[in-house]
Q: 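The structure is given below, and queries will be raised subsequently.
The chain is numbered in sequence order, starting from 1.
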Amino acid sequence: MKSVFILAEKAWAGSNLLYKWQKTLGNYIAVAGQDNSVKIFDRHGHKWTELNLPGRCVGMDWDKDGDILAVIAAKSSSIYLWDASVNKTSQIDSGMRDQMSFILWSKTGPLLAVGTVKGNLLIYNQQTSRKIPVLGKHTKKITCGCWSSQNLLALGSDDNTLTISNHEGDTIRQTTLRGEPAEIYFSVMKTDERSSQGETTVSVSVGKKILMLFNINDPDNRIDLTFQHRYGNIVSYRWFGDGYILIGFSHGYFVVISTHIKEIGEELYQAHNHKDSLNSVAISQALNKAASCGDNSIKIHELSELKDISNVIQLNDETKGLDQLNWTDDGQLLAVSTQKGTLHVFLTKLPILGDSFGTQLAYLTSLLEVTVSNQVERESPVSIEVEVEPTFIAVGPYHVAVGMNNRAWFYALVDQEPGFIKLKDVEYLGTIASMCLNSDYAAALFEGKVQLHMIEGKDQEERKQMKLFPDDDRQGRILCHALTTDFLYYSTDSGNVVCVLVEDLETVSSYSHPVAVRKVFSDLNGTRLVFIDDKNCGFLLSPANATDSCFELPNFSPTITGVLWDNWHADRGVFVAYDDDKVYTYALHKTTIYGPRVVLVGSTTLPFSHIPLLLYNGELTCQTTSGKISEVPLSTHSFLKNSAGTAPDSPQDISKQLAQALQLKRFHEAWDLCKAAGRDADWAELGKACLVHMEVELAIQVYRMSGDVGMVLSLQGIQGVEDMNLLAGHLAMFLGDYNLSQDLYLSSNSPIAALEMRRDLLHWDSALMLAKRLAEDQIPFISKEYAAHLEFIGDYVNALAHYEKGMTHDNKFQDHDEACQAGVARMSIRMGDIRRGAAQAIQHPSRLLKKECGAILESMKQFSEAAQLYEKGQYYDKAASVYIRSKNWTKVGELLPHVSSPKIHLQYAKAKEADGKYKDAARAYESAKDWDNVIRVLLDHLNNPEEAVRIVRETQSIDGAKMVARFFLRLNDYGSAIHFLVLSQCNDEAFQLAQQHGQMEVYADIIGSEATQEDYQSIALYFEGEKKHLQAGKFFQKCGQYSRALKHFLKCPNTEDNLAVEMAIETVGQAKDSSLTNQLIDYLMGESDGMPKDAKYLFRLYMALQQYREAARTAIIIAREEQCAGNYRNAHDVLFSMYTELQAQKIKIPAEMATNLMILHSYLLVKIHVKRSDHLKGARMLIRVSNNISKFPAHVVPILTSAVIECHRAGLRNSAFSFAAMLMRPEYRNEIDPKYRKKIEAMVRRPDTSELEEETTPCPFCGFQLPQNELLCISCKNNLPYCIATGRHMLKEDWSMCPHCEFPALYSQFILLLETETVCPMCSEALSVKQVKKISDCSAYLQTDEVDH
C-alpha cells in the first residue's frame, strides 16, 4: 500500500482530528482540528477550501450523495452547509438555545438530525427547509446516533437511554441502558429465513463493556453480549456481510462474531492484532477488507479469509499512537488520523490501467503516476507524474499516452533524467474508448471511428499523415483496433476485419466474418491476429496467408476478455487468452502432417485481481490493484523450471512437462527432459511429435537415442524428399495414419507410393482400386496376394476368382503363375471340384502342393485320393497313415520300407498279429520300438526266450522283464525269474520267490545296492533264520541295524574270520556307538574268547572310528612287530600312512613314530644309494641304522656286515673298524657270511683308524654349522627336518618337497636321485624331475611343534 499524502497543519498539532470523507465519490476529505475551522482537501492532498467557524468544530457529516457537508461548531447555534458542486457555504439557524453536540444526515433522504448537549433534537429537511424541533428527547447530551434505511433515527445519550424515533421526531421505542451508549448502528440480524422487514436490529456499545442487540419489533428480548476481561474495552465495532460483527478492543484484540441466534456469543475469529492497544477499526465493503490500527501500525485483513493479512503498514514516526481509521466508499483511499494531529492517506485500491508494446510496459502505480518498465531488456523503470487521473494508458516503443474523456497527453521516453518529456496534449472529436501507439503513430478509437496520426511532427506533416477510418460510414462502426509496427487492424460491427498499411494509409486486406468482431489482438509483426466475435468465439487470422486464413480456437471460453502474444523470439506462435480467473495457453502449429492447426496447451489459474499485461517465454507479467506488477509462471511452461537446477521431478511430472514442451514445439527443452528422465515412453512421445511436425533431422537423432534402428533407417531414406506432401505422407504412414497418408501421397508428385503402402499393409481392396487408377500391370500380382489372404481367412470362392485373375500367362513370371495354379488347385478341392483340383495338383511340379491338397482331401474324408497325392509327393508316412485309415493293408505293406513313423509300424504290427503273421508283427513292433510287444510276441507266439532276454537287457523294459520272469517261472528256472523280477522292480515278488525256493543268495546278489531299507531288513531276517551269520550281518549293516549286524559278525566261525572282522570294524565305524566299539575292542583283545586277534584289526578299528591317537599308538606297535619280523617296507608304509593321516587331522606326531619312520627310511635309502654306487651316502645311512641296530633284531649281522663293507668302500675306515669289532662278538661271529669273515677279522687285527671327515652345513633354524647327517642341532636344540632323498638335514637355500606326500628333500640331491629313480623314496608315488619345484621361502615348513616330544 502506497502513501498518497500526509496532512500536518500547525494548528492541529497535539489534538485529535475530526474528519469525514465525501460520501459516494470520495473526491474530498473535510478535516477539523482544535482551531476554529474545517479544511477541505481533494483526494490528492491539495487544499480546496476552508470554512471558518466561531468556535471549534464539534461535528460534521456529508449527505448521502456527497454534495453537501453539514458542520456544527461550539459557541454557535448555526448549522454550516458547504456545497461541493459550487464550492459555496451557507448557514441555517437551528433555533436551539443550547450547544449542539451531534449531527447526522439520513441514508436515504435530505434529512439532517442535530442533537444538543441537553438532549434536544432538531430534524431539518434540506429540500423543503422545514425544521422539526423535538425538545426533551433525552435529558442529557446526545452523543451518538444512526439513521436506518427506513428513515428511523436511533439516538444515544449520556442519560443512559436509547430512543428510536421516526423521521418526524416521534419516539417509537425507548429503552434504558446499563451504561453510557456509544456507536449505534442499524442492521439485520442473521436469520435462517430471509425477512423483508428491513433493518430492525439496533446495536449499541454500552459502557465500553457490553454490545447490546435490540430488536425494534421485539423490545423485551434484547441481547447483551459481554466479552473476556483480557480483551479490554470495546473501542469500535462494525457490521459486515450476512449479519457478522467485527469488534476492536482496547488491548489490541480483533474479534469477529455472528448474530445468528444459534451462533450468538461464539467467536468466529480472534487475533491479538496489536501488542499494546487498538484505536480504531474500519471495513470496506467495496474491497471486502477490514482494517485495524494501533501501536503505530495498520493491519488489513481479507474479509473472505480473516487469517490472511494482506498488508501491514508501520508508521514509525507516530510516537503518540494512532487515532481514527476511515475508508472512502469506493475503497480506493484509507485515511488514518494520529494522536499528535496528523492525517495519513493511503492508496488501497488503484484502477488497473496498463498497456504493453513488445516487452515494454506502462501501468498506473498511483493515482497520478504512470510507471514505464522493460524488465526483459533490464532497463530501469521510469515514473511519469501525470496531470489527471487517467482512464486509459497507451505505450509504444518510444512514447506513452494517458488520457481521460476526449483528451490525451503524450510523453516521449528519453535517456536523460527524469527519463521522459511531455510532448503535447491532443483533443479528439469524441470520448476516447482506447488508444494504441507504435514508434511514430497513435491510433485513437472514439465513437466508432479510429483516428490515426503522427505522435511527433510538424503541424502540416501531421495533418497530411492523419486519417480517419473507416472512409465510408456504410462500412459500419469500428468496435476495436490494434496497431503494430507496420499495420493498423480494426474490426467493425458488420464483421469486417481490415488491415491498413500505416506507411501509405491504404487498406491491404479485409476479412469478412459473419457476425460483429468485438476485439482484435495482433502479434508483434502483425502477421497473425486473434479476434473475438459477438458470440464470444475466438479465431486466429493470418491476413498474409490466403490458404489457411482463419481457424476457430478450440475450447475457447466465453468469459475471455483479452489475448496476449508471447514476445519471446522463439515462441512466435504461442499466445494466451485470459479471463478474470484463468489464463489459457494456445499454440499455433504451422507445419504439421495434418496441416496448420491451433491447439489448447492448458490453463493456469490467475491470482485474485491480477490483470495480464505481457507474456514472455512462459512468464506472465500481471498488474495488481496495489499498483505493482507480479510474475505468474504459466503451468503450461513448467518444463522451463528444470533448467534452473531444481530437484528432479517424478516420472509422471516429467511426462506431463514433456507433453507441454511438445505442444509448444519446444523440442530442445523436450530433448533435455528426455535425457534427464530417460524413459522409453518419453523418447517415443518426442519421436512421434517430431514426425507430426515434420522435423525429420531431429526425429533421426531421437530414434537413434532410443535405439529404434528401423525408424532411423526409414527416416534416413526419406531425408532428401522435397515434395512436402510426399514427405508428410511418409511420416503419416510411420505414425500409422494410413488414410491421411494415402490422401497426402495422392496429392504429391509420386501417387504410386499410396499403392505401395496399401500393398505393404495388406489392404488388398484399396490396393486393387488404386492399381486400376495408377498401375494396371500390377493387378495380377496384387490379385495373387489378395487371393492368399482370402484363402487364409476362409473365403474360398473369392480366393479362387482372384487366383484365376492372377495368371499372367507370361514365361517371365513362371513362378508367379505356378503359385496361382497351386492356389486354383487348392481352391477347386475346397469348393468340391475334386477331380480338377487333384489333376492340377498331380501335374504341378511342387511336392508341397501335393501334401497341401492331400491334407485338404484327408480333412474331407476323401482317403483314396488323399493317399494317392501323398504317395505322388513322396510323403510316405502320410500316405501309409491314410491307407491304414482306409484299411488298404497291401498298400501299407508296399510303403512300409519307406516309412519312418513308429505309429504306422505299430498299426501295421497290430494288424499282422491279428492275421497270425507273428514274425512280420515282431519285425514291425521292433521298427516301432514297442519293445514290450516285441517281447510278448517272442515269448507267447515264437517261443524265442533268448531274443526276449537280449531285448530286456538292452532296453531295461520293466514290463518286458516281468513277462520274461513269468516265462522262466513256468520253466521252474527260479534264479532267472528272480533276476528279471528285480529288473522289473517287483522286489516283493522276487523276495517271496527266493524265500520259497531257497534262492535268497541269488536275490541278495541281484538286488545289490538298489534296494530299500525294508528289502535289506527282509533279507537279513531271512539269513538270521537260516543261521547264516555273515550274510545276516552284512544286510543288517546295510539297513542300519548296527548292533544286530555286529552280533552276527562276531558269531561267524573262524574260517570266515578275516572277512567277518573286517565287516565288524566297518560296522562299528559307521555306527559311532561307544558300547558297540567297546564290544568289538573286547573281542579283538581276546577278552571274550581268550584269543587276541591280530593288531592290524585294532589299528583299522581306530582308523574307522577316527580315533587317530589310538590308531597311531597301534600303528607303532604294528610297525614294531613288522620290524622285528624283518618286514621293513611294511613297517615303513604303516608308519608313513599313519603319519600323513595325523598330519591331515592336524594332530601332533608322536616323537617315537617320527624317529622310527626316520630310521626305517634311512634303511630303505641304503639300498637306493648302493644300487646307484653312491657308497658314501649309503655308508652314512648304514652308520645311522647300525647305531640303532636294536630296532632290527632279525638282521643284525647282515646289516653290520653291509655297514663294514660300505664304510670301507667310502673311506670311513674308523667306522668300518668299530662295526667289525662289534661283529667279532661271540653272539654274532658265527653268523658272519663266510665270504667276508676273513676280511673282517683282518680289519680287526690290523686296525686302520683313518676317517673321511663329514662335511658340515648350517642348521635351517639357527644357521649353526653341523655335520650333514646330524638331525639334532646342539645350538638351538631343534629336531631338524631330513631330506627324503639323502637322509641329511635340510638346508634353507636348497629346499623342495615331494608334491604327493609333501616330505622335504634337498632340491639338488632330489633331482640327482630322480635321474635314475621314478618314484618318491618316501611315498612310492610316481614322480619326475619336472614335478619337483625349488622353494625359495621355506619358513612355512620350519614349524617346530608338529612333532609331539
Side-chain angles (χ1 to χ4, degrees), residues 1092 1094-1095 1115-1135 1150-1254 1267-1272 1274 1282 1286-1288:
D1094 194 332
I1116 293 166
I1117 294 163
I1118 294 166
R1120 202 179 295 144
E1121 285 176 5
E1122 293 281 10
Q1123 221 168 321
C1124 291
N1127 300 331
Y1128 304 123
R1129 169 53 77 181
N1130 289 3
H1132 177 278
D1133 289 353
V1134 168
L1135 287 177
E1152 187 184 354
M1153 179 185 281
T1155 308
N1156 286 358
L1157 181 60
M1158 181 268 292
I1159 292 165
L1160 281 168
H1161 189 65
S1162 301
Y1163 175 76
L1164 294 178
L1165 283 177
V1166 172
K1167 285 184 181 174
I1168 295 168
H1169 291 311
V1170 171
K1171 188 172 80 179
R1172 295 179 70 243
S1173 302
D1174 193 341
H1175 298 295
L1176 181 59
K1177 285 179 190 156
R1180 291 286 183 206
M1181 291 300 101
L1182 277 167
I1183 291 169
R1184 186 182 287 164
V1185 171
S1186 301
N1187 287 339
N1188 292 281
I1189 198 70
S1190 61
K1191 292 196 167 64
F1192 299 88
H1195 297 85
V1196 174
V1197 174
I1199 289 170
L1200 289 175
T1201 307
S1202 302
V1204 170
I1205 294 162
E1206 287 303 317
C1207 287
H1208 190 71
R1209 279 182 184 167
L1212 304 176
R1213 303 289 165 81
N1214 194 29
S1215 298
F1217 166 71
S1218 64
F1219 293 133
M1222 274 176 79
L1223 278 171
M1224 288 298 113
R1225 288 181 190 167
E1227 64 263 33
Y1228 305 138
R1229 192 168 186 170
N1230 297 327
E1231 291 178 33
I1232 301 170
D1233 192 326
K1235 275 193 291 185
Y1236 304 117
R1237 188 182 291 175
K1238 283 191 177 165
K1239 282 183 186 173
I1240 292 168
E1241 285 173 353
M1243 251 185 237
V1244 175
R1245 288 193 190 101
R1246 290 183 295 280
D1248 182 355
T1249 56
S1250 64
E1251 179 97 18
L1252 189 68
E1253 194 161 325
E1254 191 174 349
Q1268 278 179 331
N1269 290 291
E1270 183 59 59
L1271 298 184
L1272 179 67
I1274 56 174
Y1282 56 89
T1286 61
R1288 297 172 184 172

Q: Check whether any side-chain heavy atom of H1161 lies under 4.5 Å from a side-chain heavy atom of I1159, and answer yes or no.
A: no
Q: How long is the gap from CE on M1181 to OG on S1202, to the nearest 0.5 Å?
A: 14.5 Å
Q: Filter on salt bridge (charged side-chain N to carboxylate O under 4.0 Å, His left out), then keep only pairs touching residues 1220-1239, sequence neighbours left out; what's left?
A: R1229-E1241
Q: Which value, rounded to the nearest 0.5 Å, describes the distance between N1269 atom CG and K1177 atom NZ?
A: 10.0 Å
Q: Please list, chain by chain and in numerical order, all residues satisfying salt bridge (charged side-chain N to carboxylate O under 4.0 Å, His left out) with R1288, sequence neighbours excluded.
A: none
Q: Scan for ring-ring contact (aromatic ring centres under 6.0 Å, His included) pairs involving residues 1201-1243, sequence neighbours excluded, and state none if there are none.
A: none
Q: For T1286 and L1165, work out which heavy atoms get closest and say how close.
A: C-CD1, 3.7 Å
Q: First locate atom CG of L1160, then atom CE of M1158, and finally report the distance between them rounded to the nearest 0.5 Å.
A: 10.0 Å
Q: Which pair of non-hydrogen atoms, one from L1271 and one from G1287, has the smallest distance, and what is that distance?
A: CD2-O, 4.0 Å
Q: Once rounded to the nearest 0.5 Å, what's the spacing between atom CG of N1188 and atom CD1 of I1183?
A: 12.5 Å
Q: Under a 4.5 Å cut-off applied to non-hydrogen side-chain atoms, are R1180 and E1254 in contact?
A: yes
Q: Measuring only between side-chain heavy atoms, which start at C-beta, is S1218 closer than 4.5 Å to M1222?
A: no
Q: With a 4.5 Å heavy-atom cut-off, do H1169 and L1176 have their side chains touching?
A: no
Q: Which atom names give the shortest non-hydrogen contact between I1240 and A1220, and what distance separates them?
A: CG2-CB, 3.7 Å
Q: Tell me the closest heavy-atom pair linking V1166 and G1178, and the distance in Å.
A: CG2-O, 4.0 Å
Q: Just so I know, are the side chains of L1182 and C1207 near enough to count as touching, which here means a heavy-atom distance under 4.5 Å?
A: no
